[in-house]
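Just below is one structure, and these are the notes that go with it.
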Amino acid sequence: MVMDEDVGKTNDVERTQRTEVVYPTKTSASDMAIISQVPPLNLSSSHQGKTNHLFTTKDKGSVIVKMNKTFSSLRKSLVLPLHVHIRTLQSFSKYNAQAASALQEERKKPTYQDDNEYADMDWDNLGFGLTPADYMYVMKCSKDGEFTKGELSRFGNIQLSPSAGVLNYGQAIYEGTKVYRKENGKLLLFRPDHNAVRMELGAERMLMPSPSVDQFVDAVKQTAFANKRWVPPSGKGSLYIRPLLMGSGPVLGLAPAPEYTFIVYASPVGNYFKEGTAALNLYVEEEYVRAAPGGAGGVKSITNYAPVLKALSRAKSRGFSDILYLDAVKKKYLEEASSCNVFVVKGRTISTPATNGTILEGITRKSVMEIASDQGYKVVEKAVHVDEVMDADEVFCTGTAVGVAPVGTITYQDKRIRYETGDESVCQKLRSVLVGIQTGTIEDTKGWVTCIN
C-alpha cells in the first residue's frame, strides 16, 4: 500500500481538512465494480461547500479518496481490502443523505413561541388582506377515501397537476373561522365543530370525501396554536383560519378527482369592509343572480364566489359597499349579500331568508339568531320580499369575515332607503353579545368557544 505523504502529517491534514488514500494500481475487477456502484452524495444546498467527497482515479487505476476530516478514523484501517473501504464510504454516503433529509424535516417543524410574543405587525391598522402566518396544515386523502394523518409545515406554495380537479372543474369547498385573544393571553376558537359539519355537507354535495369532525377541529387547533404569535392583541382583530378541501388529483374528463388535499392556513385580519364598523351602503342587484334552485348555493363551494365579482365590482365603482342578491326565479325575494347573510328588523321581529338550498347557512347567522331569541326577539326564517326590506327599521349582515355589520342605506330601482344605526340599534346590541362571547369578555354559557392554550 502506498500512502500520500500528507497522511502522516497531522497538521497538514487538519489544515486541508481531508485525508488522501492512494490504492495500488493492481485493483481487482470486483473492486472496480464496487467503485462504479458507489453513489454520489446528495446533500442539501445548505451543506454544499462544507464537505469534500470525491472519487477519482490516479495513475494506473489507483483511487484517491478525499473525505472530510470527520471521517479521519478511516486512516486507522487503511490496511483493509479496498472493498471494505468502499462499503464504508457507501455507509457514510447513506448517512449523510439521511442526515441532510432529517435536517430539512426538522426545519419544517413549528417552533412555538412564548404566549406573549407577537409578530411584527401594525396591529392598529389591520384590514382584511392576506398576511400569511408561519405555518399551514396539510392532509392527503387516498383513493380509498381515507385521510392520512396530516402535519404542519411552513406556509408556502403547493404543487398541483395542470389537470387537477380543482383547477379544471372547480371541485373544492372552503370554510372560515376565527381565533380571538383574551386580555389574559388565552386564545379562543369560535364553534369550529360547526364549520366541520358544514364542510361534510358541502363535500357530499360536491362528491368529495371529507375529514371527520375530529380531524377538522384538530387541524384547525394545530394551525391556530402554531401561529399564535399572529393572533392580534385583544380588541385589535382576530386570526382568520381558512380550511380548504380540494380535488388535487389529475383528471381530464368530467369526473371526481382521484385524490384530495385538505389544507388549513391563517392570516391576521381586522374589519372586512373598508368602512370598518361604520354602516354599509348596499345595492339590490336585479341583473345577476348568486345561485339558483338545485344548484350549489347552499354550500361553501368555491364556484359560488367568482361569479359575483363582476356585479360586485360594478357596485363598488358606484360607491356601494356590497350587493344584495334576489332569488333567481321571481327576482323579488331577498337571498344574501356577496359573502354574508342578511337580517331585516321590524319592531321586535327579526326576519332572515330561509336556507332553502340557495342560501348558505352561516354559523354567525345561526349564533345571532339564538342570541336574538334569548333577548326576547321574534326570529323568523322565511321568504323575505324586497318590499319588506324597503319598509324595515333596520337591516344588518352577518358572517365569519364581516361579523355583525349594520346597513345604513339600501338602493333599489333608484330609490334609496336609510335605516337606524348606532349604539341603541338592535344590530349593535346583538353584536356586543356575540363579540363578548367570542373574545371572552362575556361568559360563554353555550359552549361556543374553545380555549386552545
Side-chain angles (χ1 to χ4, degrees), residues 42 44 97-98 101-102 104-110 130 132-177 192-227 240-267 291 295-307 360 400:
N42 182 19
S44 65
Q98 291 174 342
S101 176
Q104 289 172 343
E105 290 301 317
E106 187 67 25
R107 287 173 176 165
K108 294 180 182 178
K109 295 180 180 179
L130 177 64
D134 296 325
Y135 298 98
M136 63 182 185
Y137 182 95
V138 181
M139 181 166 59
K140 294 281 189 177
C141 178
S142 57
K143 293 181 180 179
D144 60 6
E146 296 295 326
F147 279 90
T148 58
K149 183 178 180 181
E151 61 180 11
L152 290 165
S153 62
R154 283 282 182 179
F155 180 90
N157 295 337
I158 60 173
Q159 187 171 352
L160 282 176
S161 165
S163 60
V166 60
L167 299 180
N168 291 264
Y169 299 114
Q171 194 183 23
I173 53 178
Y174 76 91
E175 280 296 327
T177 188
D193 53 326
H194 286 254
N195 293 96
V197 171
R198 190 168 66 178
M199 175 166 277
E200 285 186 329
L201 296 174
E204 181 182 9
R205 176 63 180 85
M206 302 297 287
L207 201 58
M208 306 168 70
S210 176
S212 68
V213 172
D214 288 342
Q215 286 176 319
F216 180 101
V217 173
D218 179 65
V220 169
K221 286 181 178 179
Q222 286 194 48
T223 305
F225 188 74
N227 294 304
Y240 183 84
I241 306 288
R242 170 61 62 83
L244 171 66
L245 176 63
M246 62 181 173
S248 52
V251 61
L252 184 59
L254 180 57
E259 179 188 89
Y260 297 88
T261 301
F262 177 64
I263 297 176
V264 185
Y265 64 93
S267 174
V299 300
K300 213 164 176 61
S301 166
I302 64 171
T303 56
N304 289 334
Y305 295 90
L360 184 68
T400 298

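Between Phe147 and Phe262, the ring planes lie perpendicular to each other; the angle is over 60°, past the 30° to 60° tilted range. Using the six-membered ring where Trp is involved, Tyr305 and Tyr174 have ring planes that are tilted, between 30° and 60° apart.
The structure places CE of Met199 at 12.0 Å from CD of Gln215, a figure rounded to the nearest 0.5 Å. Taking OG1 from Thr223 and CG from Asp134, the interatomic distance works out to 12.0 Å, rounded to the nearest 0.5 Å. From Met206, atom CE reaches atom NZ of Lys300 across 13.5 Å, with rounding to the nearest 0.5 Å. The line from OH of Tyr137 to CD of Glu151 is 8.5 Å long, rounded to the nearest 0.5 Å. The CD1 atom of Ile173 lies 5.0 Å from the CG atom of Leu245; values are rounded to the nearest 0.5 Å.
Residue Gly145 comes nearest to Pro209 through the heavy atom pair O-CB, 4.0 Å, listed as atom of the first residue, atom of the second, then distance. Closest non-hydrogen pair, Val251 versus Pro256, comes out as CG2-O, 4.3 Å. The two atoms that bring Pro258 and Gly249 nearest to each other are CD-C, 3.7 Å, heavy atoms only. Taking both residues in full, the closest heavy atoms of Ile302 and Gly170 are given as CG1-O, 3.8 Å, listed atom of the first, atom of the second, then distance. Shortest non-hydrogen contact noted between Phe216 and Pro192 is CE2-O, 3.6 Å. When every heavy atom of Ser248 is checked against every heavy atom of Leu160, the shortest pair comes out as CB-CD2, 3.6 Å.
Summarising the local packing, CG of Asp144 is surrounded by more than 12 heavy atoms from other residues, nucleotides or ligands at distances under 6.0 Å.
Residues Met139 and Pro211 have side chains in contact (heavy-atom distance under 4.5 Å, counting atoms from C-beta outward). Contact of the Leu130 side chain with the Tyr265 side chain is registered, since non-hydrogen atoms from C-beta on lie closer than 4.5 Å. Using a 4.5 Å heavy-atom cutoff, the side chains of Asn168 and Ser163 are in contact. At least one side-chain heavy atom of Met136 sits less than 4.5 Å from a side-chain heavy atom of Ser153. At a threshold of 4.5 Å between non-hydrogen side-chain atoms, the residues Asn195 and Val220 do not count as touching. Residues Met246 and Ile158 have side chains in contact (heavy-atom distance under 4.5 Å, counting atoms from C-beta outward). A 4.5 Å side-chain heavy-atom check between Thr400 and Tyr240 finds at least one atom pair inside the cut-off.
The backbone N or O of Ala296 lies less than 3.5 Å from a partner atom in the side chain of Asn304, making a donor-acceptor pair.
Under the rule for a side chain to side chain contact (heavy atoms under 4.5 Å, CB included), Leu252 has no partner lying at least two apart in sequence or in another chain. Residues satisfying the salt bridge (Lys or Arg N to Asp or Glu O under 4.0 Å) criterion with Arg198, sequence neighbours excluded, are Glu175. When the salt bridge (Lys or Arg N to Asp or Glu O under 4.0 Å) test is applied to Glu259, the partners found at least two apart in sequence or on another chain are Lys140.
One side chain, Tyr260 or Gln171, offers a donor N or O that lies under 3.5 Å from an acceptor on the other.
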